[in-house]
Number of protein chains: 2
Amino acid sequence: MSERPTSPNRRMNDPQGLRQRLVDAAYVAFSTRGYHSSALHDLKRDADVTGGALAHHFPTKKALGLAVIQDRVAEAVELTWITPVKLAATTADGIQAVFAAIISELERKGGVSGCPLNNLALELSREDEDFQAAIEAIFTRWRTAIADKLRADLRAAPVRDFDFEALATLVVATYSGAMAMAKASQSVAPLKICAEQLTSIIQNKTALGH
Amino acid sequence: MSERPTSPNRRMNDPQGLRQRLVDAAYVAFSTRGYHSSALHDLKRDADVTGGALAHHFPTKKALGLAVIQDRVAEAVELTWITPVKLAATTADGIQAVFAAIISELERKGGVSGCPLNNLALELSREDEDFQAAIEAIFTRWRTAIADKLRADLRAAPVRDFDFEALATLVVATYSGAMAMAKASQSVAPLKICAEQLTSIIQNKTALGH
DNA sequence: CTGCAAACAGGATGACCGTCCTGTTTCGTA
DNA sequence: TACGAAACAGGACGGTCATCCTGTTTGCAG
C-alpha cells in the first residue's frame with residue numbers, strides 16, 4: 001500500500017532510479033522464481049513501472065536479464081564471497097565465515113532458493129551466448145579471487161606442487177553443488193557438511209608438509 | 001523421414017510404447033532445454049504422438065515431468081553413478097571412472113548441457129513440492145550409495161571419526177557444482193579439476209593413519 | 001458377435017506473455 | 001520562452017502454450 005511520492009498528479013522523470021527499481025525487482029524475481037518463470041507483467045507491478053518505461057530502458061527481456069547478471073549478480077558474489085574471503089585472515093577462515101553467514105541467513109528466512117549465479121547459470125548458459133559469457137565471467141572472477149587468497153596464504157610458508165586454481169575450483173564447485181542440494185532438500189544441512197569438509201581440506205593442504 | 005510402421009492406415013494401440021516414446025522425448029528435452037523451455041508441441045512432434053494421446057497418458061505437463069524424474073532421471077543416476085561406483089574396487093576408483101566416462105562423453109558431443117538431475121532440481125524444486133520430493137529422493141539415494149561404498153572401503157582397515165555421509169555429500173556436491181561450472185564455461189575443465197581433487201581427497205582420507 | 005472401456009485423433013479455446021506502437025509529459029538547451 | 005530529445009503512460013497485437021473437448025478406433029470381456 002506504500003504509494004510512491006508522486007503525490008498529486010505530477011510526474012518526475014527519474015531514469016536512474018526507475019532503472020534501479022526495475023533491475024532490483026528483476027534480480028529478486030529471477031533469483032527466486034527463475035528467469036523464464038518471471039513475467040514482465042509482475043516485474044512492472046513490483047517496481048511500479050509502466051510498459052512504456054520498461055521498453056524504453058530495456059527493449060527486450062534479455063537486456064534486462066543481462067543487466068541483472070552484470071549489475072546485481074556480480075555485485076552479490078563480490079559482497080557475499082570475494083570481499084569477505086579477501087578480508088579474512090586465511091582462506092579457510094574466510095570460507096568458513098562465508099558459509100556461516102549464508103547458512104544463518106537461510107535459516108532466518110524459511111526456504112532455500114539457491115545461489116542466484118548458479119540458478120541463472122543452469123537456466124541460461126545454453127540458451128544464449130551473451131548470457132553464457134556474462135555468467136562465465138563471474139565464475140572466473142570468483143574462482144580467481146579464491147586462488148589469489150590461497151596464494152597469499154602460502155606466501156610465507158610455500159608448499160610445493162600446490163595448484164591454487166584447482167583448489168579454488170573445488171571450493172566454488174562444492175559450494176555451488178551444496179547449494180543445489182540444499183535447494184533440493186530445502187535444508188541447510190548440505191551446506192553445513194560441505195563447509196566443514198572444505199575447511200578441513202584447505203587447512204590440511206595449506207599446512208606444512210607436502 | 002522414418003515413418004513408424006503404421007503402414008497402411010491401421011492404428012495399433014500401444015500404450016506402453018507410446019508412453020515410453022513420450023517420456024524419452026521429454027527426458028531429452030527437459031534435460032537439455034529445461035522444463036519450462038520445452039513446449040509440449042515439440043515433444044508431441046518428437047515422439048510422433050497426438051494431443052489426445054498425450055492428454056490420455058499425462059493429464060498435465062507436471063505429470064509428465066514427474067514421470068521423467070522418477071523413471072528416467074533416477075535411472076540415469078543409477079546407471080552413470082551408483083552402479084559403476086558400486087562395482088569399482090574402491091570408492092576413489094569408482095568416482096574417477098565415472099568422471100572420466102562423463103568427461104569423454106561430453107567431449108564426444110560438442111556442448112555441456114549439464115547434469116539432468118541438477119538442472120531439474122534448480123528449476124523445479126521451489127516451484128512444486130511434488131517435484132521437490134521426487135528430486136530429493138534421488139539425491140538421497142545417490143549420496144547414500146556413495147556413503148555405503150566408503151563404508152565398505154574401510155571395512156578392513158577402519159579409520160576412526162570417519163563421517164561417511166559427510167564425505168559422500170561432498171562428492172555429490174562437488175560433482176554437481178563442477179557440472180554447473182562446466183555448463184557455464186562450456187568446458188570440461190572444471191570436471192577434470194574436481195575429479196582429480198576429489199580422488200586425491202578420498203585417497204588421503206581412506207588411507208591408514210588417524 | 002456385442003458391448004464397453006481404454007486408447008487415440010485432431011482441433012478448439014482461453015489464458016498469458018513479450019513486444020511494439022501511439023500519444024503525452026518532462027527537462028535540458030539555446 | 002521555444003524546441004527537441006529523452007522519459008514515460010497505457011494499451012493493442014500477435015504468437016505461444018497447456019489444457020480440454022468431441023469424436024473415432026482398438027481390443028478385451030462376456
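Quick note on labels: first sequence line is chain A, next is B, and so on, each numbered from 1.
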Between A/His56 and D/dA7, is there a side-chain N or O to OP1/OP2 distance below 4.0 Å? yes
Rounding to an integer number of Å, can you tell me how far B/Arg19 CZ sits from C/dC8 C1'? 16 Å
For A/Lys192, is the NZ atom crowded, meaning more than 12 foreign heavy atoms sit under 6.0 Å from it? no
Short side-chain donor-acceptor distance under 3.5 Å, B/Gln16 and B/Gln20: no
Separation of D/dC17 atom C1' from B/Lys62 atom NZ, nearest Å, is 19 Å
Gap between atoms CZ and C1', on B/Arg45 and D/dT16 respectively (whole Å): 14 Å
From C/dC8, D/dC8, C/dC20, pick the nucleotide closest to the side chain of B/Ala53? C/dC8
Angle class for the A/Phe164/A/Phe162 ring planes (parallel below 30°, perpendicular above 60°, tilted otherwise)? tilted
To the nearest angstrom, the CG-P distance between A/Leu18 and D/dA6 comes to 17 Å
So OG1 of B/Thr91 and NZ of B/Lys86: to nearest 0.5 Å the spacing works out to 12.0 Å
Rounded distance in Å - NZ (A/Lys61) to P (C/dC16): 15 Å
If you round to the nearest 0.5 Å, how far is OH of A/Tyr27 from OG of A/Ser38? 13.0 Å
Polar side chain donor-acceptor pair, B/Thr174 to A/Thr174, under 3.5 angstrom: yes
The residue, A/Gly51 or B/Thr50, whose nearest nucleotide of DNA chain C is more 5′ is B/Thr50
Going by the side chain to side chain contact (heavy atoms under 4.5 Å, CB included) test, name the single residue among A/Asn119, A/Leu43, A/Val23 that passes it with A/Phe30. A/Leu43
Would you kindly give the CG-to-C1' distance between B/Leu54 and C/dA9, to the nearest whole Å? 12 Å
Whole angstrom is fine here: how far is it from NZ in B/Lys44 over to C1' in D/dT19? 9 Å
Does D/dC8 have OP1 or OP2 under 4.0 Å away from a side-chain N or O of A/His57? yes
Residues in residues 33-42 of chain B with a heavy atom under 4.0 Å of DNA chain D, by number, are B/Ser38, B/Ala39, B/Leu40
